[in-house]
Amino acid sequence: MHRIFTFIKLASLCALAALKVGYVAARPVMAAEMTTDSKISMDQPSAVYGSAYRALQPVSYALQRSRPQSRPQSRPQSRPQSRPRSTYRPRDRSGSRDRARPDRRTPKQRTADRKARQRELVSARYQRQLQARQQDAARLIRRVEASSAQQTKDARQAASEAKKRSAASKKLRRKYGLSFVRQGRHPVLVRHGELLGVNLSPQGRKKVLGLGFQVIRSTRLENVGVTLFLLRVPRDMTMDVALKTVQEADSGGEYDYNAAFAPAKFSAAEFNNQNKAASTADAVKTPSVSDADIVVGMIDTGVNAAHKSLQGAKIDQGNIGRGPEVTPRDHGTAVASILARGHAARIVAVDVFSGPAAIADAESIVVALEYLALHKVGVINMSIAGPKNPLLERAVENLIQQGHIIVAAVGNEGPSGPERFPAGHSNVVGVTAVDGENAIFQFANQGAAVDYAAPGVDIEAASVRGEKKYTGTSFAAPVVAAHLARQLRRPDHMTVKAVMDRLNSEVMDLGIPGPDPVFGRGLVVY
């Protein structure tokens, strides 16, 4: 059946072709015979051709409709009925459509072009990555150069500071015989070329002397309860190596640096520019001594005993420092005037800072404690501050066991400053400073060493020549010492507890209720 339809279709097509060929051949003749009133136009087919064409067209259409759809055509149609959307390009600005050109490449060419595009994409991606890496490297180079420049600057600054410290250290060593050693996290000022030995055995001394050390002097301190040896370090040894050497040679002995101490003062000029001599009207008044038995000791600088504010008190001075005689200074004179204002009739002052530099050491302070113990002084004021020292701690503890009360300033290195001694030793009365409105002195040390507070900001007190305003914990400690001296006239371990209980009942609580690391147990006034 399919073959019959195909034959009919081919016959129809052949007939149409024959008609078209005949029409083309007869067209010139027909044109010559046409008249002006003819209804047939040269641009249209003849009536015969048109009738045959219209008669055969339904047959051709029926043959196309009757063809099975599953069977592929033998050849593509000359003019497709519809065009795929992908064969048209987007409209341009004029609104016309541009027909896409057909892809005439072979499969091999298409594969080569695809690989070329892939290579181009990979190359572009690599170029972008390479450019990003180059930018990162440039940034890193700039950062390293800046860091290197900063490190160079820091290194130069550190070298300059080290050079200055070295020059200052050499001057300190040459002029005052002092140097710094590392003890824990903080540098400690010590007597250069000196070590202290406590209660050394004959065998220990022999071992130490065999290593090149020399005994400068030895002192038996009966009241303090120690035998003190001052050793000279060999010239070719540093201080830390020397201490380690003697400790390894004599493991049974006690050795330490001869630590340096300074007055626990704070310059009023640095605080509020008021460290100027006061007028005569502001001079400290002579205390009216009500009891001639009130005695207080002080370990400090020398005192100007001829000052008018001290005319009502008796000043006994001793020299334990490195200088040849007592050296009066403002610090000691001010502390003595505050003690006299607190009704101290007799002040036993020991100058441990004599000489050109106001620097004391652990040996001189321990000997000063022995001196005051011999004079039977019940209350001892120590407005000094320094590093922890086992020898000083032992001497202080022995005197406290014998019934002495030791009062010390807590220091002026700020709330987060390191703990200072002897105030940091157990059973020592540590005193901080407050101003006229009972506010804490901003540079006062804080912590467990604080037991009491007392006025110590802008305090008018005596100086070597006139009067000044002083600020610091050094000038708060004598307020508490004078208060305690009125209760404890002589060393008496049976009375100390009652005296301290009475003081605790008289103080005014400041800060948070109860003892605290800022104000201690409370404020003590004159």
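The stretch residues 392-421 participates, sequence neighbours left out, in these salt bridge (charged side-chain N to carboxylate O under 4.0 Å, His left out) pairs: Glu254-Arg394, Glu413-Arg420. Screening residues 496-519 for side-chain hydrogen bond (donor to acceptor under 3.5 Å, both in side chains) gives Tyr452-Asn504, His483-Glu506, Gln487-Arg502, Lys497-Asp501, Arg502-Glu506 as the qualifying pairs, with residues at least two apart or on separate chains. Legend: ring pair (Phe, Tyr, Trp, His ring centres under 6.0 Å) pairs involving residues 197-233, not counting sequence neighbours: none detected.
Annotation for Arg133: atom CZ does not count as buried by contact number, only 12 or fewer foreign heavy atoms lying within 6.0 Å.
Residues passing the ring-ring contact (aromatic ring centres under 6.0 Å, His included) test with His425, sequence neighbours excluded: Phe421. Scanning for side-chain hydrogen bond (donor to acceptor under 3.5 Å, both in side chains) contacts around Asn223 gives Glu370, with sequence neighbours left out. Annotation: side-chain hydrogen bond (donor to acceptor under 3.5 Å, both in side chains) contacts of Gln150 (sequence neighbours excluded): Asp154.
Heavy-atom minimum distance, Val518 versus Thr432: O-CG2, 3.5 Å. Ala409 and Ala477 get closest at one heavy-atom pair: N-CB, 4.1 Å. Ala305 and Gln317 make their closest contact through CB-NE2, 4.1 Å (heavy atoms, listed as atom of the first residue, atom of the second, distance). When every heavy atom of Ser179 is checked against every heavy atom of His192, the shortest pair comes out as OG-ND1, 3.2 Å.
Of the candidates Val431, Val450, Val428, Val410 forms a side-chain contact (heavy atoms from CB on, under 4.5 Å) with just one, namely Val450.
Salt bridge annotation for Arg322-Glu194: present, with a cationic side-chain nitrogen under 4.0 angstrom from a carboxylate oxygen. With respect to Arg143 and Glu145, no salt bridge is recorded, no charged nitrogen being found less than 4.0 Å from a carboxylate O.
Taking the six-membered ring for Trp, His331 and Phe475 have ring centres closer than 6.0 Å.
At distances below 3.5 Å, at least one donor-acceptor pair connects side-chain atoms of Asp330 with backbone N or O atoms of Val464.
Considering only heavy atoms from C-beta on, Ile299 comes within 4.5 Å of Ile380 through its side chain. Between Leu195 and Tyr257, some side-chain heavy-atom pair lies under the 4.5 Å cut-off.
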#### Entry: side chain to side chain donor-acceptor pair (under 3.5 Å) between Ser364 and Asp361, worked out
CA-CA 6 Å; Ser364 60; Asp361 51 51; 3.0 Å; yes

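Atom CG of residue Asp256 and atom CG of residue Leu392 lie 10.5 Å apart, to the nearest 0.5 angstrom.
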